[in-house]
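Working notes for the structure below.
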Amino acid sequence: MAEIAIKAEAVEIEAKVKKLTLVWTGLTFILFPILGLLGFLMRLVQGNVFPMFPPEWFYSILTLHGVGMVGLWFVEGMIAVIYLLSKYVKPSAGVSWFSFTFTLIGVALIIISTIAGKFGAGWYFLYPLPYKSAEIWPNWATDLYLIGLGVLGIAWTVWVIDVLRAIAKKYTLNQALAWHYLAGKTEPELPPIILIVTVTCIGAITGFLAAVALLLLFLFDRVSGTPADPLLMKNLVFYFGHVLVNITMYLGVAILYETLPQYTQKPWKTNKLVAFAWNTVLFLVLFAYFHHLYMDFVQPKAFQIIGQFASYFISVPAAVVTIFSALAMIYKTKVNWTLGSSLIFLGTMGWAVGGVAAVIDSSIAVNFRFHNTLWVPAHFHTYFLMGVVLMILGFIYHFSQLHSNIPDNSKLAKFTVWLILIGGYGFLSMFYTGGALFVPRRYALYPPALSSGTTLAQISIVFVSILTIGFLLYLIQTIRRWARSF
């Protein structure tokens with residue numbers, strides 16, 4: 001009887017997690033095209049297709065596109081790993097629904113702030129700009145934006161704490177971080193996804209605490225009029241932003257570790273090397289953000305040097321170990337290449353290419369010239385758009401196909417993948433070329449002296465169009481399977 005009860009509970013939990021995943025994924029099908037088209041619109045504006053487009057609207061769209069994309073893929077990455085984790089541990093469905101509800105509220109506040117209030121300080125909202133631009137956007141728009149971020153922060157903090165709670169019910173901290181593997185032991189056996197998600201959630205909490213401190217300092221300034229230290233505020237915002245982007249990428253990598261073996265029929269197990277790699281990441285992710293502040297000459301010099309070395313070394317353990325392991329997984333193996341498995345694996349390539357570009361940019365001598373150029377959105381979009389986004393989109397297709405039992409259309413899948421690769425890397429190559437030519441970023445319209453920026457934006461429109469067609473084909477194939485999964 002006890003065994004029957006356990007099986008019944010497992011079935012009930014699986015049904016709840018499946019429903020959660022379906023609902024979150026449905027939200028992604030709505031927000032991803034909207035946010036993606038906003039990015040397309042910005043390149044159209046920069047390509048002088050709409051020369052009369054108001055600059056203040058460009059920066060509002062830039063803000064919504066940036067914070068919206070990072071937030072969207074963080075939450076979809078979280079629900080993806082919760083679905084995959086449910087095989088090993090039991091996160092609370094109630095907490096996930098709480099997070100879903102408050103995420104919608106936070107997103108609504110940010111949309112009102114940027115679209116109705118024209119808030120355009122960027123996702124980084126560097127102090128004291130948000131409250132010093134009353135001639136462009138009202139202070140209430142800044143209030144709504146910061147409140148929206150606060151609501152999201154509360155929802156996501158509760159969420160990651162619950163995931164850690166679920167892991168802690170089965171594994172001690174040293175087991176969840178695979179320290180026993182470092183000591184030469186292999187029991188209890190730890191799935192790599194548990195290790196990676198533990199590292200991710202611990203890192204997330206530190207980033208969210210920095211965001212709390214940042215928002216409290218903004219509130220204190222707003223209420224009392226007492227100014228905060230701008231350098232402290234910049235450190236807090238870039239620590240929070242850098243950690244959020246990195247942990248989102250790690251969620252994508254966790255998906256890779258857990259799903260790729262299902263297509264290769266090879267196990268991907270934790271070992272001493274994997275344990276060392278991800279524990280090193282947990283340490284270095286706390287310091288790599290310093291490379292965002294090289295231009296702040298009043299920042300202590302030691303921090304700048306730490307930032308450069310941390311940025312170099314953080315790419316070695318996680319990326320190199322993962323990339324070589326993934327290549328070993330498919331070497332001389334008959335892989336079941338579907339649209340889902342192809343995107344998950346190719347996301348690893350985007351992560352690697354973007355990571356190399358990021359390491360180049362994190363070198364002080366290079367950053368001195370590339371810091372405020374299109375090289376920055378180039379490397380960011382490479383490891384995010386062609387990296388983590390492809391991994392998560394691959395999971396969504398994998399999940400939808402698994403529960404719909406609709407077979408993969410191999411010819412259409414290959415065509416879709418090629419469109420995404422050609423369009424994506426063609427689009428990114430224009431950013432990289434712009435960076436090499438020292439074209440500045442964040443310009444709504446380029447003046448005649450920077451006409452190369454306009455030309456590159458016009459060429460990129462062709463590639464973005466190809467990429468858009470590829471993503472539309474992906475959505476058509478995936479939504480059909482998703483709808484059948486209910």
Side-chain angles (χ1 to χ4, degrees), residues 17 20-32 35-36 66-89 91 95-96 99-100 103 106-107 152-153 155-164 166-167 191-205 207-208 240-260 278 281 285 318-319 322 340 343-348 350-351 354-355 380-381 383-400 474 478 482:
V17 174
L20 272 168
T21 309
L22 286 167
V23 172
W24 278 99
T25 302
L27 180 63
T28 301
F29 291 145
I30 297 171
L31 292 180
F32 175 44
L35 294 171
V67 73
M69 278 295 192
V70 173
L72 170 65
W73 297 112
F74 169 74
V75 296
E76 184 58 42
M78 277 291 289
I79 198 61
V81 298
I82 284 176
Y83 171 83
L84 297 170
L85 278 173
S86 63
K87 184 167 64 174
Y88 309 105
V89 297
V95 169
S96 291
S99 179
F100 178 78
T103 295
V107 168
L152 293 176
W156 297 350
T157 301
V158 172
W159 209 10
V160 297
I161 289 174
D162 179 69
V163 172
L164 287 174
I167 292 173
I193 190 173
I194 298 290
L195 168 61
I196 298 171
V197 172
T198 301
V199 168
T200 299
C201 289
I202 293 174
I205 289 173
F208 294 152
F240 156 67
H242 184 84
V243 167
L244 180 59
V245 170
N246 273 268
I247 62 175
T248 303
M249 288 192 292
Y250 300 155
L251 293 174
V253 177
I255 292 169
L256 172 74
Y257 272 81
E258 186 65 21
T259 56
L260 189 60
W278 285 98
V281 167
V285 76
T322 300
L343 292 178
I344 291 171
F345 182 76
L346 290 171
T348 313
W351 184 42
F380 178 84
H381 280 83
Y383 62 58
F384 207 81
L385 174 62
M386 301 304 290
V388 66
V389 171
L390 291 193
M391 291 178 185
I392 296 175
L393 289 177
F395 164 79
I396 293 174
Y397 183 89
H398 162 81
F399 166 82
S400 301
Y474 165 85
T478 308
W482 171 81

Quick note, salt bridge (charged side-chain N to carboxylate O under 4.0 Å, His left out) partners involving residues 76-85, not counting sequence neighbours, are none
Residue pairs meeting salt bridge (charged side-chain N to carboxylate O under 4.0 Å, His left out), one or both in residues 246-258, sequence neighbours left out, come to Lys87-Glu258
Checking ring pair (Phe, Tyr, Trp, His ring centres under 6.0 Å) against Tyr250, which of Trp351, Tyr383, Trp278, Tyr257 comes through?
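Going through the options one by one, the only one that passes is Trp278.
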Under the side chain to side chain donor-acceptor pair (under 3.5 Å) test, residues paired with [X] that sit two or more places apart:
{"X": "Trp482", "answer": "none"}
{"X": "Thr348", "answer": "none"}
{"X": "His242", "answer": "Asn246, His292"}
{"X": "Tyr397", "answer": "Asp408, Arg481"}

Side-chain contact, heavy-atom cut-off 4.5 Å: [X] with [Y]?
{"X": "Val81", "Y": "Phe395", "result": "no"}
{"X": "Phe100", "Y": "Leu20", "result": "no"}
{"X": "Ile396", "Y": "Ser400", "result": "yes"}

Sequence neighbours excluded, the answer for side-chain contact (heavy atoms from CB on, under 4.5 Å) partners of Thr248 is Trp73, Phe74, Leu244, Phe384, Val388
- Task: Taking ring pair (Phe, Tyr, Trp, His ring centres under 6.0 Å) as the test, write out the residues that go with Phe345, two or more places apart.
- Result: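 Scan of Phe345 (ring pair (Phe, Tyr, Trp, His ring centres under 6.0 Å), adjacent residues dropped) gives Trp337.
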Return the [atom1] to [atom2] distance between [X] and [Y], rounded to the nearest 0.5 Å.
{"X": "Leu393", "Y": "Ile344", "atom1": "CG", "atom2": "CD1", "value": "10.0 Å"}
{"X": "Met386", "Y": "Leu346", "atom1": "CE", "atom2": "CG", "value": "7.5 Å"}
{"X": "Leu35", "Y": "Met69", "atom1": "CG", "atom2": "CE", "value": "5.0 Å"}
{"X": "Asp162", "Y": "Ile82", "atom1": "CG", "atom2": "CD1", "value": "7.0 Å"}
{"X": "Tyr88", "Y": "Ile167", "atom1": "OH", "atom2": "CD1", "value": "12.0 Å"}
{"X": "His398", "Y": "Leu260", "atom1": "NE2", "atom2": "CG", "value": "10.5 Å"}

*Quick one: do Val70 and Phe380 satisfy side-chain contact (heavy atoms from CB on, under 4.5 Å)? Show the steps, please.*
CA-CA 11 Å; Val70 173; Phe380 178 84; 4.0 Å; yes
**Prompt:** Is it the case that Trp24 and Ser96 place a side-chain donor and acceptor less than 3.5 Å from each other?
**Reply:**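 Ser96 and Trp24 do not have a side-chain donor-acceptor pair below 3.5 Å.
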What donor-acceptor contacts under 3.5 angstrom involve side-chain atoms of residues 195-205, with partners at least two apart or in another chain?
| unit_1 | atom_1 | unit_2 | atom_2 | d |
| --- | --- | --- | --- | --- |
| Thr198 | OG1 | Ile194 | O | 2.7 |
| Thr200 | OG1 | Ile196 | O | 2.7 |

Quick one: closest heavy-atom pair of [X] and [Y], and the distance?
{"X": "Leu390", "Y": "Gly347", "value": "CB-CA, 4.0 Å"}
{"X": "Val17", "Y": "Tyr83", "value": "CG1-CA, 3.5 Å"}
{"X": "Met78", "Y": "Val160", "value": "CE-CG1, 3.8 Å"}
{"X": "Ile79", "Y": "Thr21", "value": "CG1-CA, 4.0 Å"}
{"X": "Thr157", "Y": "Gly153", "value": "OG1-O, 2.6 Å"}
{"X": "Ala254", "Y": "Ile193", "value": "CB-CG1, 4.0 Å"}

task = Take Leu27 and Leu31 through the side-chain contact (heavy atoms from CB on, under 4.5 Å) test and state the conclusion after the steps.
result = CA-CA 6 Å; Leu27 180 63; Leu31 292 180; 3.9 Å; yes
Quiz item: Which of parallel (below 30°), tilted (30 to 60°) and perpendicular (above 60°) describes Phe240 and Phe208?
Solution: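 The arrangement is tilted - the two ring planes meet at 30° to 60°.
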